[in-house]
Amino acid sequence: MREELIVSGRMNPHIDPHLAIWEWQIPAYLFLGGLAAGILFFAGFYTLRDKQDEYPTAVKLAPIFTPLLLGLGLFFLFLDLKHKLFFWRLYTTIRLESPMSWGAWTLMFITPLSAIWAALHINTLFPRWDWKFDVVKDIVSWFASYKKHMAWIMVILSLILGIYTGILLSAFNARPLWNTSILGPLFLTSGLSTGAAGIILLSKSAKERHHFARIDLGLIAVELFLIVHMFMGFKASTQVQIDAANMFLGGEFTAPFWGLVVGLGLTLPAVLEVLELRKRKVHYAIAPALVLFGGLLFRFILAHAGQMSRWLY
Amino acid sequence: MAVDTKKCVGCSDCVVACQTENNVPIGYCRDWVVEVTNGTYPQLELEHRSERCNHCDNSPCVRCCPTGASHYEAGGIVTVTHNECIGCGACITSCPYDARYTHPEGYVDKCTFCLHRVEKGQQPACVSVCPTKCMYFGDLDDPNSDVSKVVKRRKYKTLIPEAGTKPQLFFLI
């Protein structure tokens, strides 16, 4: 028998008895960032394929909300900082070794880009919108002439934003649950899936909804594969990762993760989307709402459980 | 730094000395004592370890800091520049030893090996007060330093070397 105890009474706030430094702000941001990345990716992608008129929600309507989503996400990130007045230090340096640094810089570029994109399409949401000043009109029309270029940048930056939320966590070797390279692709897939769900919720055309339901189905399949793959990897890895996986395979996160995230948030909406595509009567909003719920809960559970997984004691 | 687990009695004097010397806020600590019990009664073995930041040679906290606030001082001591730290918690999350915490004023804080004392040629507070003199401090690049000599002579272990951080705190066994 072996027992290790801290006998000098260490009880540092948010560190002991287990790490809890990141609370609701981080998973909420990860969700908003992923959702915005998903929407912006589809907007850029279908602009490049000249399908603006076929998928107007994806290209014009949904992206109008992304500056708000990213702004809210950034506000949550700001709330998470403990030394708030020094936040600008993020932008006095670029540290390529630190995912948080290049993530911050990506946000610095994609947030204004999403705002410009929203400005170009604001008439979709408010048909009588008027910019009032000629200067603003000139600037907007100047950007409008570079739409294709913006779409390219948006596709690339949104993929970086989507995958960075996972890489941020997977770079922490100290937290065995996060320390897997699958997490980047998994968060990207989940972000794209929630983005597609957001578009389905906003779309008024059945054709567009069905197109994105098909995309979402594919993304959910990839996500389920990656989740199973991740746990297979953990179970075949070192003791710390076996312990991390066991929190989800019999441990305290088993029911919420497999029941609410995988069951209610991935499998059930996939089934509903199949039924809808086969012309059964299912309200179109149920599946995407469940996907959004699943994506949010997935990030909350992973952020919380990851901080509980550890090497020591 | 080297800590002799055969001499350490687990009195926690090092913890109190650190809190006093560094004005550590109440309820926090930068170093701590771990007691390990091995075996079943009556065949028991006891080990005491005075632990703190390992001042790793390959520090994940330095690597993941987005602003460069966490950095290596000359000589390899890992410290945090307070007015560059944004309190994002990345370094806290990256540390497999959980050696860091957020100071109530917002920045991240941790053991500095009492850099302010070392610069004056003194020992860190924890080393200087140890009643059994179980700790050895010095420059590992200097073959004549206390720590170099004892690490050469004695068997030692480091904590979770498999985490790949190259910890620089040696526990003599």
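Residue numbering restarts at 1 for every chain, and letters A, B, ... go by the order of the sequence lines. Just so we're clear, the structure is a prediction, and the values are computed from it rather than from any experiment.
- In this structure, Lys84(A) places its NZ atom where more than 12 heavy-atom neighbours from other residues, nucleotides or ligands lie under 6.0 Å away.
- Side-chain contact between Val33(B) and Ile6(A) is absent, with no heavy-atom pair separated by less than 4.5 Å.
- For Cys29(B), the parts lying under 4.5 angstrom from a heavy atom of chain A are both the backbone and the side chain.
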- prompt: Ile86(B) and Leu90(A): side-chain contact (heavy atoms from CB on, under 4.5 Å), yes or no, with the steps?
  reply: CA-CA 8 Å; Ile86(B) 59 173; Leu90(A) 275 173; 3.6 Å; yes
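- Taking 4.5 Å as the limit, every side-chain heavy atom of His83(A) sits out of range of all side-chain heavy atoms of Asn83(B).
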task: Could you go through the side-chain contact (heavy atoms from CB on, under 4.5 Å) check for Cys64(B) and Phe172(A) one step at a time?
output: CA-CA 8 Å; Cys64(B) 75; Phe172(A) 293 126; 3.9 Å; yes
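- In terms of heavy-atom pairs under 4.5 angstrom with chain B, the leader among Leu81(A), Ile21(A), Thr93(A) is Leu81(A).
- Between chain A and the residues Gly39(B), Ser12(B), Gly164(B), the most heavy-atom pairs under 4.5 angstrom are made by Gly39(B).
- Contact count versus chain A (heavy atoms, under 4.5 Å) is highest, among Pro104(B), Gly27(B), Pro60(B), for Gly27(B).
- For the pair Tyr28(B) and Pro13(A), the minimum side-chain heavy-atom distance is below 4.5 Å.
- Ion pair Arg49(B)/Glu4(A) flagged as a salt bridge, since at least one NZ, NE, NH1 or NH2 atom sits closer than 4.0 Å to an Asp/Glu carboxylate oxygen.
- Interface with chain B: from residues 94-105 of chain A, residues Arg95(A), Glu97(A), Ser98(A), Met100(A), Ser101(A) qualify, criterion being any non-hydrogen pair under 4.5 Å.
- The side-chain heavy atoms of Glu3(A) and Val36(B), taken from C-beta on, include no pair separated by under 4.5 Å.
- Heavy atoms from other residues, nucleotides or ligands lying under 6.0 Å from CZ of Phe87(A) number 12 at most.
- For Asp98(B) and Arg175(A), the salt-bridge test passes: some basic side-chain N is under 4.0 Å from an acidic carboxylate O.
- Contact annotation: the side chain of Thr92(A) never approaches that of Thr67(B) to less than 4.5 Å [non-hydrogen atoms, C-beta and beyond].
- Put simply, the side chain of Trp22(A) gets close to the backbone of Cys88(B): a donor and an acceptor are under 3.5 Å apart.
- Interatomic distance, CH2 of Trp32(B) versus CG of Asn12(A), reported as 7.5 Å (0.5 Å rounding).
- When atom types are taken as modelled, the side chain of Asn173(A) and the backbone of Ala163(B) share a donor-acceptor pair closer than 3.5 angstrom.
- With a 6.0 Å radius and a threshold of 12 heavy atoms from other residues, nucleotides or ligands, Lys235(A) has its NZ atom above the threshold.
- The number of heavy-atom neighbours closer than 6.0 Å to NE2 of His116(B), taken from other residues, nucleotides and ligands shown, is above 12.
- For the pair Glu162(B)/Trp311(A), a side-chain contact is recorded, criterion being any heavy-atom separation below 4.5 Å from C-beta on.
- More than 12 non-hydrogen atoms from other residues, nucleotides or ligands lie less than 6.0 angstrom from NZ of Lys7(B).
- When each of Leu44(B), Ile92(B), Thr102(B), Val108(B) is checked for heavy-atom pairs under 4.5 Å with chain A, Ile92(B) comes out on top.
- The environment of Phe75(A) atom CZ is sparse: at most 12 non-hydrogen atoms of other residues, nucleotides or ligands sit within 6.0 angstrom.
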